[in-house]
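One structure is given below, encoded as C-alpha coordinates.
Below, chains carry the letters A, B, ... as their sequence lines are ordered, and counting in each starts from 1. In what follows, every heavy atom counts, from backbone to side chain, and hydrogens, waters and symmetry copies are set aside.
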Amino acid sequence: MPEGPSIVILKEEAAKFAGRKVTAVSGNSKIDLARLKGKKVLRLQSWGKHFLICFNGFIVRVHFLLFGSYRINDRKPQAPRMSLTFTNGEINFYSCSIKMLEGDVSDHYDMSIDVMNDAWDKKKAMEKLQLVPAELVCDALLEQDIFAGVGNIIKNEVLYRIQVHPESTVGALPVAKARKMVDEARNYSFDFLEWKKKYELKKHWLAHTKTICGKCNGPITRKITGTKKRRSFFCNECQRLYQ
DNA sequence: TATAATGTTTGAAC
DNA sequence: AGTTCAAACATTAT
(Lines give C-alpha, C1' and ligand atoms only; values in the text may rest on other atoms or scores of the structure.)
Protein backbone atom coordinates (compact mmCIF):
# COMPACT_ATOMS: atom_id res chain seq x y z
CA MET A 1 0.00 0.00 0.00
CA PRO A 2 2.95 2.30 0.55
CA GLU A 3 3.83 4.74 -2.24
CA GLY A 4 2.79 8.40 -2.10
CA PRO A 5 -0.26 8.21 -4.40
CA SER A 6 -1.78 5.44 -2.26
CA ILE A 7 -1.56 7.72 0.74
CA VAL A 8 -3.35 10.44 -1.23
CA ILE A 9 -6.18 7.96 -1.86
CA LEU A 10 -6.33 7.23 1.87
CA LYS A 11 -6.43 10.94 2.62
CA GLU A 12 -9.38 11.37 0.29
CA GLU A 13 -11.21 8.37 1.72
CA ALA A 14 -10.65 9.59 5.28
CA ALA A 15 -11.66 13.19 4.56
CA LYS A 16 -15.13 12.56 5.98
CA PHE A 17 -13.58 12.35 9.44
CA ALA A 18 -12.20 15.88 9.32
CA GLY A 19 -13.93 18.09 11.89
CA ARG A 20 -15.19 15.02 13.78
CA LYS A 21 -14.43 14.02 17.33
CA VAL A 22 -12.79 10.72 18.19
CA THR A 23 -15.47 8.98 20.25
CA ALA A 24 -13.41 5.85 20.91
CA VAL A 25 -9.83 4.81 20.39
CA SER A 26 -8.00 1.52 20.82
CA GLY A 27 -5.11 -0.48 19.43
CA ASN A 28 -1.75 -2.00 20.24
CA SER A 29 0.32 1.04 19.29
CA LYS A 30 2.68 2.12 22.06
CA ILE A 31 1.85 5.79 21.64
CA ASP A 32 -0.52 7.43 24.13
CA LEU A 33 -3.73 6.61 22.26
CA ALA A 34 -5.90 7.77 25.15
CA ARG A 35 -4.82 11.31 24.36
CA LEU A 36 -6.95 11.18 21.19
CA LYS A 37 -10.24 10.40 22.88
CA GLY A 38 -12.73 13.21 22.64
CA LYS A 39 -10.38 15.31 20.51
CA LYS A 40 -11.41 16.74 17.20
CA VAL A 41 -9.56 15.88 14.00
CA LEU A 42 -8.76 19.20 12.39
CA ARG A 43 -7.73 17.79 9.02
CA LEU A 44 -6.17 14.82 7.28
CA GLN A 45 -3.04 15.36 5.28
CA SER A 46 -0.29 13.46 3.58
CA TRP A 47 3.39 14.05 3.01
CA GLY A 48 5.09 11.51 0.83
CA LYS A 49 4.33 8.13 2.37
CA HIS A 50 3.21 9.67 5.65
CA PHE A 51 -0.48 9.91 6.55
CA LEU A 52 -1.08 12.75 8.99
CA ILE A 53 -4.03 13.02 11.36
CA CYS A 54 -3.91 16.56 12.66
CA PHE A 55 -5.23 17.56 16.08
CA ASN A 56 -4.94 20.87 17.88
CA GLY A 57 -1.28 21.05 18.90
CA PHE A 58 -0.16 17.60 17.74
CA ILE A 59 -0.20 15.17 14.85
CA VAL A 60 -0.58 11.42 14.65
CA ARG A 61 1.70 10.16 11.90
CA VAL A 62 0.97 6.83 10.26
CA HIS A 63 3.57 5.13 8.08
CA PHE A 64 2.63 1.85 6.41
CA LEU A 65 6.16 0.64 5.66
CA LEU A 66 5.97 -2.41 3.41
CA PHE A 67 3.04 -4.34 4.84
CA GLY A 68 0.77 -1.84 6.50
CA SER A 69 -2.91 -1.55 5.62
CA TYR A 70 -6.11 0.17 6.68
CA ARG A 71 -9.84 -0.36 6.58
CA ILE A 72 -12.60 2.22 6.71
CA ASN A 73 -15.88 1.00 8.20
CA ASP A 74 -14.46 -2.49 8.00
CA ARG A 75 -12.06 -4.64 10.02
CA LYS A 76 -9.41 -7.26 9.46
CA PRO A 77 -9.22 -10.36 11.66
CA GLN A 78 -6.00 -9.24 13.32
CA ALA A 79 -5.75 -6.66 16.10
CA PRO A 80 -5.44 -3.11 14.82
CA ARG A 81 -2.40 -1.02 15.63
CA MET A 82 -4.84 1.85 16.01
CA SER A 83 -8.60 2.10 15.69
CA LEU A 84 -10.42 5.43 15.65
CA THR A 85 -14.19 5.65 15.98
CA PHE A 86 -16.20 8.71 14.97
CA THR A 87 -19.93 9.33 14.96
CA ASN A 88 -19.93 8.75 11.19
CA GLY A 89 -17.70 5.70 10.96
CA GLU A 90 -14.38 4.19 11.91
CA ILE A 91 -10.90 3.74 10.55
CA ASN A 92 -8.54 0.92 11.46
CA PHE A 93 -4.81 0.73 10.87
CA TYR A 94 -2.79 -2.51 10.77
CA SER A 95 0.91 -3.31 11.08
CA CYS A 96 2.02 0.22 10.51
CA SER A 97 4.35 2.59 12.33
CA ILE A 98 2.54 5.24 14.37
CA LYS A 99 4.15 8.24 15.97
CA MET A 100 2.94 11.34 17.75
CA LEU A 101 4.46 14.64 16.65
CA GLU A 102 4.12 17.79 18.73
CA GLY A 103 3.17 21.07 17.10
CA ASP A 104 1.93 21.79 13.60
CA VAL A 105 2.57 20.04 10.30
CA SER A 106 4.73 22.96 9.20
CA ASP A 107 7.03 22.31 12.17
CA HIS A 108 7.88 18.89 10.76
CA TYR A 109 7.28 18.82 7.03
CA ASP A 110 8.30 20.71 3.92
CA MET A 111 5.38 20.18 1.54
CA SER A 112 7.36 21.47 -1.46
CA ILE A 113 9.31 18.17 -1.43
CA ASP A 114 6.20 15.97 -1.70
CA VAL A 115 5.73 15.01 -5.36
CA MET A 116 1.96 14.79 -4.87
CA ASN A 117 1.56 18.18 -3.21
CA ASP A 118 0.27 21.36 -4.84
CA ALA A 119 3.23 23.11 -3.26
CA TRP A 120 5.71 20.77 -4.96
CA ASP A 121 8.74 22.69 -6.18
CA LYS A 122 10.63 21.37 -9.18
CA LYS A 123 13.49 23.78 -8.67
CA LYS A 124 14.04 22.52 -5.15
CA ALA A 125 14.33 18.93 -6.39
CA MET A 126 16.89 20.02 -8.98
CA GLU A 127 18.90 21.84 -6.33
CA LYS A 128 18.87 18.85 -4.02
CA LEU A 129 19.99 16.56 -6.83
CA GLN A 130 22.98 18.81 -7.43
CA LEU A 131 24.07 18.15 -3.86
CA VAL A 132 24.45 14.40 -4.49
CA PRO A 133 26.29 14.08 -7.84
CA ALA A 134 27.92 10.78 -6.88
CA GLU A 135 24.65 9.04 -6.03
CA LEU A 136 23.11 6.57 -8.46
CA VAL A 137 19.79 7.73 -9.89
CA CYS A 138 18.08 4.57 -8.60
CA ASP A 139 18.99 5.68 -5.06
CA ALA A 140 18.32 9.38 -5.61
CA LEU A 141 14.73 8.76 -6.73
CA LEU A 142 14.07 6.88 -3.51
CA GLU A 143 15.44 9.68 -1.31
CA GLN A 144 12.47 10.91 0.66
CA ASP A 145 14.33 14.15 1.34
CA ILE A 146 14.31 14.84 -2.39
CA PHE A 147 11.30 12.97 -3.79
CA ALA A 148 8.93 12.39 -0.86
CA GLY A 149 6.40 9.77 -1.89
CA VAL A 150 8.40 8.07 -4.62
CA GLY A 151 8.79 4.32 -4.08
CA ASN A 152 10.31 1.45 -5.98
CA ILE A 153 7.55 1.08 -8.56
CA ILE A 154 7.58 4.77 -9.41
CA LYS A 155 11.39 4.68 -9.54
CA ASN A 156 11.45 1.89 -12.11
CA GLU A 157 8.71 3.37 -14.27
CA VAL A 158 10.21 6.87 -14.23
CA LEU A 159 13.62 5.59 -15.34
CA TYR A 160 12.07 3.52 -18.09
CA ARG A 161 10.05 6.49 -19.31
CA ILE A 162 13.04 8.79 -19.51
CA GLN A 163 15.26 5.99 -20.86
CA VAL A 164 17.91 6.26 -18.19
CA HIS A 165 19.73 3.25 -16.71
CA PRO A 166 19.17 2.98 -12.94
CA GLU A 167 22.90 2.79 -12.24
CA SER A 168 23.57 6.11 -13.94
CA THR A 169 25.21 8.71 -11.74
CA VAL A 170 23.20 11.81 -10.87
CA GLY A 171 26.09 14.13 -11.75
CA ALA A 172 26.58 12.51 -15.15
CA LEU A 173 23.01 13.18 -16.30
CA PRO A 174 22.68 15.94 -18.87
CA VAL A 175 20.66 18.75 -17.30
CA ALA A 176 17.77 18.10 -19.67
CA LYS A 177 17.63 14.46 -18.51
CA ALA A 178 17.75 15.49 -14.87
CA ARG A 179 14.84 17.82 -15.51
CA LYS A 180 12.92 15.02 -17.19
CA MET A 181 13.57 12.75 -14.24
CA VAL A 182 12.24 15.35 -11.83
CA ASP A 183 9.22 16.05 -14.05
CA GLU A 184 8.38 12.38 -14.44
CA ALA A 185 8.74 11.67 -10.74
CA ARG A 186 5.69 13.87 -10.37
CA ASN A 187 3.90 13.00 -13.61
CA TYR A 188 4.12 9.28 -13.11
CA SER A 189 2.97 9.65 -9.51
CA PHE A 190 -0.23 11.25 -10.74
CA ASP A 191 -0.68 8.56 -13.38
CA PHE A 192 -0.15 6.02 -10.60
CA LEU A 193 -2.88 7.76 -8.58
CA GLU A 194 -5.42 7.60 -11.41
CA TRP A 195 -4.63 4.01 -12.33
CA LYS A 196 -4.64 2.88 -8.73
CA LYS A 197 -8.09 4.39 -8.23
CA LYS A 198 -9.32 2.34 -11.19
CA TYR A 199 -7.61 -0.82 -9.87
CA GLU A 200 -5.57 -1.02 -13.02
CA LEU A 201 -2.15 0.05 -11.82
CA LYS A 202 -0.28 -3.12 -12.77
CA LYS A 203 -1.75 -3.12 -16.23
CA HIS A 204 0.25 -0.02 -17.03
CA TRP A 205 3.63 -1.17 -15.80
CA LEU A 206 6.19 -1.02 -18.60
CA ALA A 207 9.29 -2.06 -16.66
CA HIS A 208 8.43 -3.03 -13.09
CA THR A 209 8.19 -6.85 -12.82
CA LYS A 210 8.29 -7.11 -16.63
CA THR A 211 10.52 -9.47 -18.57
CA ILE A 212 10.19 -8.07 -22.10
CA CYS A 213 10.73 -4.48 -23.21
CA GLY A 214 7.73 -3.19 -25.15
CA LYS A 215 9.87 -0.79 -27.12
CA CYS A 216 12.57 -3.07 -28.51
CA ASN A 217 11.26 -6.53 -27.58
CA GLY A 218 14.57 -7.21 -25.83
CA PRO A 219 14.83 -8.60 -22.30
CA ILE A 220 14.15 -6.53 -19.20
CA THR A 221 17.01 -6.93 -16.75
CA ARG A 222 16.17 -7.44 -13.11
CA LYS A 223 18.91 -6.46 -10.68
CA ILE A 224 19.39 -5.30 -7.11
CA THR A 225 20.94 -1.87 -7.50
CA GLY A 226 22.40 0.97 -5.48
CA THR A 227 23.20 1.37 -1.82
CA LYS A 228 19.49 0.98 -1.12
CA LYS A 229 19.63 -2.50 -2.63
CA ARG A 230 16.21 -2.39 -4.21
CA ARG A 231 14.99 -4.21 -7.31
CA SER A 232 15.51 -2.42 -10.56
CA PHE A 233 13.86 -3.49 -13.79
CA PHE A 234 15.31 -1.94 -16.91
CA CYS A 235 16.06 -2.41 -20.57
CA ASN A 236 19.77 -2.37 -21.33
CA GLU A 237 19.01 -1.43 -24.90
CA CYS A 238 16.61 1.44 -24.34
CA GLN A 239 17.90 2.89 -21.08
CA ARG A 240 21.24 4.65 -21.37
CA LEU A 241 23.90 4.44 -18.73
CA TYR A 242 25.40 7.83 -17.87
CA GLN A 243 28.54 7.72 -15.79
C1' DT B 1 5.23 -24.11 1.25
C1' DA B 2 8.87 -21.03 0.92
C1' DT B 3 9.89 -16.88 -0.97
C1' DA B 4 9.81 -12.28 -2.05
C1' DA B 5 7.94 -7.73 -2.00
C1' DT B 6 5.10 -0.74 -3.24
C1' DG B 7 9.86 0.53 3.34
C1' DT B 8 12.16 2.54 7.28
C1' DT B 9 14.48 2.59 11.76
C1' DT B 10 17.83 0.97 14.79
C1' DG B 11 21.86 -0.30 16.72
C1' DA B 12 26.10 -2.97 16.07
C1' DA B 13 30.39 -2.76 13.77
C1' DC B 14 33.96 -0.45 11.83
C1' DA C 1 32.60 10.21 16.55
C1' DG C 2 30.78 9.64 12.24
C1' DT C 3 29.54 6.40 8.77
C1' DT C 4 27.90 2.01 7.05
C1' DC C 5 25.41 -2.03 7.09
C1' DA C 6 22.51 -5.72 8.15
C1' DA C 7 18.87 -7.08 11.09
C1' DA C 8 14.36 -6.36 12.61
C1' DC C 9 9.62 -5.59 11.84
C1' DA C 10 5.30 -7.65 9.60
C1' DT C 11 1.72 -9.40 5.74
C1' DT C 12 0.24 -11.62 1.74
C1' DA C 13 0.29 -13.12 -3.05
C1' DT C 14 2.56 -16.33 -5.87
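- Taking atom P in both dA10(C) and dG11(B), one finds a spacing of 15 Å when rounded to whole Å.
- When Watson-Crick and G-U wobble pairs are counted only if both distances are under 3.5 Å, dT6(B) pairs with no nucleotide at all.
- A straight line from CZ of F233(A) to P of dA4(B) spans 12 Å, rounded to a whole angstrom.
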Are any protein N/O atoms closer than 3.5 Å to N/O atoms in nucleotides 10-14 of chain C? If there are, list each pair with its distance.
{"unit_1": "dT11(C)", "atom_1": "OP1", "unit_2": "Q78(A)", "atom_2": "NE2", "d": "3.3"}
{"unit_1": "dT12(C)", "atom_1": "OP1", "unit_2": "K76(A)", "atom_2": "NZ", "d": "2.3"}

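- Between S69(A) and R71(A) the shortest heavy-atom distance is CB-NH1, 4.2 Å.
- If you measure from atom CG of D139(A) to atom P of dC5(C), you get 11 Å, rounded to the nearest angstrom.
- Distance Y188(A) OH to dT6(B) C1': 11 Å, rounded to the nearest Å.
- For the 3.5 Å distance criterion, the side chains of R240(A) and S168(A) fail to qualify, holding no donor opposite an acceptor.
- Across dC5(C) and dT6(B), the matching C1' atoms stand 23 Å from one another, rounded to whole Å.
- Rounded to whole Å, the P atom of dT9(B) lies 24 Å from the corresponding atom of dA1(C).
- One interatomic measurement links the two molecules: NZ of K49(A) to C1' of dA5(B), which rounds to 13 Å at whole-angstrom precision.
- Regarding contacts with the backbone of dA5(B), a side-chain N or O of R231(A) is found under 4.0 angstrom from either OP1 or OP2.
- Between F233(A) and H208(A), the ring planes lie perpendicular to each other; the angle is over 60°, past the 30° to 60° tilted range.
- OP1 and OP2 of dG7(B) both lie 4.0 Å or more from every side-chain N or O belonging to H63(A).
- Spacing between atom CD1 of I224(A) and atom P of dT6(B) amounts to 8 Å, rounded to whole angstrom units.
- L65(A) places its CG atom 13 Å from the C1' atom of dT10(B), with the value rounded to the nearest Å.
- Between I154(A) and L141(A) the shortest side-chain heavy-atom distance does not fall below 4.5 Å.
- Between Q163(A) and K215(A) the shortest side-chain heavy-atom distance falls below 4.5 Å.
- Side-chain atoms of D191(A) and H204(A), non-hydrogen and from C-beta on, never get closer than 4.5 Å to each other.
- Between F58(A) and F55(A), the ring-plane angle classifies as parallel under the 30° and 60° cut-offs.
- Using cut-offs of 30° and 60° on the angle between ring planes, the pair F64(A) and Y70(A) is tilted.
- With distances taken from any side-chain atom of K99(A) to the nucleotides dT6(B), dA5(B), dT9(B), the minimum falls on dT9(B).
- Figure legend. dA10(C) is base-paired to no nucleotide; pairs are counted as Watson-Crick or G-U wobble with both atom distances under 3.5 Å.
- In this structure, K229(A) places its NZ atom 16 Å from P of dT6(B), rounding to the nearest Å.
- Remark: the R222(A) side chain and the T209(A) side chain contain no N/O donor-acceptor pair separated by less than 3.5 Å.
- The stretch residues 142-168 of chain A comes close to DNA chain B through Q144(A), G151(A), N152(A), I153(A), each having a heavy atom under 4.0 Å from the strand.
- Rounded to whole angstrom, the span from the CD1 atom of I98(A) across to the P atom of dT9(B) amounts to 15 Å.
- Under the side-chain hydrogen bond (donor to acceptor under 3.5 Å, both in side chains) rule, S232(A) has a single partner from K223(A), Q239(A), K155(A), which is K155(A).
- One finds no side-chain N or O of R230(A) lying less than 4.0 angstrom from the OP1 or OP2 phosphate oxygen of dA5(B).
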